[in-house]
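Just the heavy atoms: all of them, side chains too, but no hydrogens, waters or symmetry mates, feed the values below.
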Amino acid sequence: GDLEVTVDFLAEVDKLVQLIECPIFTYLRLQLLDVKNNPYLIKALYGLLMLLPQSSAFQLLSHRLQCVPNPELLQTEDSLKAAPKSQKADSPSIDYAELLQHFEKVQNKHLEVRHQRSGRGDHLDRRVVL
């Protein structure tokens, strides 16, 4: 996606990683053990890890994610046999192209406002593509 990675953004991600390690977020860290029910939490943390430069916050988050159990190792023989039967046949249809278009529109508006506030309205093409 298009995301402008600034020093302020990286500082906020660094603070977020520090907060995750606080005692108040123990419940969140315990949810990392339940890989099947929290895959998006784990993916979001890996996404944050990919944004961080190799710093102390990177090392901290990387070490935390190394403690997340491998979902393939948690599967039993019975769950492997039952997996094809448990797929939903009547899933609602979602127009992902429309959602992506809406997301990109909102991101562009945020980017325009940010550039207008900083007085750099002419330099909208200076974005980091991830």
Side-chain angles (χ1 to χ4, degrees):
D2 293 334
L3 180 67
E4 186 173 355
V5 180
T6 62
V7 175
D8 293 334
F9 175 77
L10 291 174
E12 293 212 11
V13 173
D14 188 271
K15 288 178 190 176
L16 177 63
V17 171
Q18 299 298 327
L19 278 173
I20 290 171
E21 294 300 318
C22 290
I24 197 164
F25 285 102
T26 302
Y27 183 72
L28 175 85
R29 293 191 308 270
L30 286 174
Q31 286 182 333
L32 292 173
L33 294 174
D34 190 8
V35 178
K36 282 187 176 180
N37 293 325
N38 300 304
Y40 297 111
L41 171 63
I42 296 167
K43 287 181 180 186
L45 291 176
Y46 271 112
L48 289 176
L49 185 68
M50 293 298 110
L51 292 175
L52 284 170
Q54 291 195 4
S55 61
S56 61
F58 177 88
Q59 298 297 329
L60 195 62
L61 187 57
S62 176
H63 182 69
R64 176 64 63 196
L65 289 172
Q66 286 175 359
C67 298
V68 173
N70 186 344
E72 294 172 2
L73 295 177
L74 296 176
Q75 290 183 348
T76 61
E77 191 174 315
D78 296 333
S79 66
L80 288 174
K81 291 177 183 175
K85 298 175 186 175
S86 65
Q87 293 177 350
K88 295 180 182 176
D90 298 328
S91 62
S93 63
I94 298 173
D95 187 1
Y96 290 105
E98 181 184 342
L99 285 175
L100 179 62
Q101 186 180 21
H102 176 71
F103 174 78
E104 288 174 346
K105 232 189 295 185
V106 171
Q107 285 292 100
N108 286 333
K109 286 182 183 180
H110 282 289
L111 189 63
E112 289 174 13
V113 169
R114 186 180 299 143
H115 284 292
Q116 287 173 354
R117 286 183 182 166
S118 66
R120 302 181 318 181
D122 299 334
H123 305 293
L124 290 178
D125 58 335
R126 297 176 67 192
R127 292 180 275 180
V128 175
V129 177
L130 298 177

Ignoring hydrogens and angles, write down the donor-acceptor pairs under 3.5 Å from the side chains of residues 19-27, residues two or more places apart or on other chains.
unit_1, atom_1, unit_2, atom_2, d
Glu21, OE1, Arg64, NH2, 2.6
Glu21, OE2, Arg64, NE, 3.0
Thr26, OG1, Pro23, O, 2.6
Thr26, OG1, Arg29, NH2, 3.2

Inset, instruction - Output all residues satisfying side-chain hydrogen bond (donor to acceptor under 3.5 Å, both in side chains) with Asn37, sequence neighbours left out; order by chain, then residue number. - result: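 Partners of Asn37 by the side-chain hydrogen bond (donor to acceptor under 3.5 Å, both in side chains) criterion, ordered by chain and then number, come out as Asp34.
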
Legend entry - Pairs involving residues 96-105, ordered by first then second residue, that meet salt bridge (Lys or Arg N to Asp or Glu O under 4.0 Å) (sequence neighbours left out):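 Residue pairs passing salt bridge (Lys or Arg N to Asp or Glu O under 4.0 Å), neighbours aside: none found.
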
Inset, instruction - Take Leu32 and Asn38 through the side-chain contact (heavy atoms from CB on, under 4.5 Å) test and state the conclusion after the steps. - result: CA-CA 7 Å; Leu32 292 173; Asn38 300 304; over 6 Å; no

Inset, instruction - Taking all heavy atoms of Val5 and all of Phe9, pick out the closest pair and write down the distance. - result: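 Looks like CG1-CD2, 4.1 Å.
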
Legend entry - Pair listing, side chain to side chain donor-acceptor pair (under 3.5 Å) test, anchored in residues 7-20, at least two apart: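 Residue pairs with at least one partner in residues 7-20: there are none.
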
Inset, instruction - Can you run down the side chain to side chain donor-acceptor pair (under 3.5 Å) pairs that involve residues 48-58, sequence neighbours left out, and say none if there aren't any? - result: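 Matches after skipping sequence neighbours: none remain.
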
Compile the donor-acceptor pairs under 3.5 Å between side chains in residues 44-53 and protein atoms, sequence neighbours left out, one pair per line.
none

Legend entry - Hydrophobic cluster of Leu99, others only, ordered by chain and residue number, side-chain cut-off 4.5 Å: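 Direct or chained contacts put Leu99 with Ile94, Tyr96.
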
Inset, instruction - For the pair His63 and Gln66, evaluate side-chain contact (heavy atoms from CB on, under 4.5 Å) and give the outcome as yes or no after the intermediate values. - result: CA-CA 5 Å; His63 182 69; Gln66 286 175 359; 4.0 Å; yes

Inset, instruction - Drop me the distance from His102's NE2 to Gln107's CD, to the nearest 0.5 angstrom. - result: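 The NE2 atom of His102 sits 10.5 Å away from the CD atom of Gln107.
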
Legend entry - side chain to side chain contact (heavy atoms under 4.5 Å, CB included) partners for Val7, two or more places apart: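 Val7: no side chain to side chain contact (heavy atoms under 4.5 Å, CB included) contacts found.
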
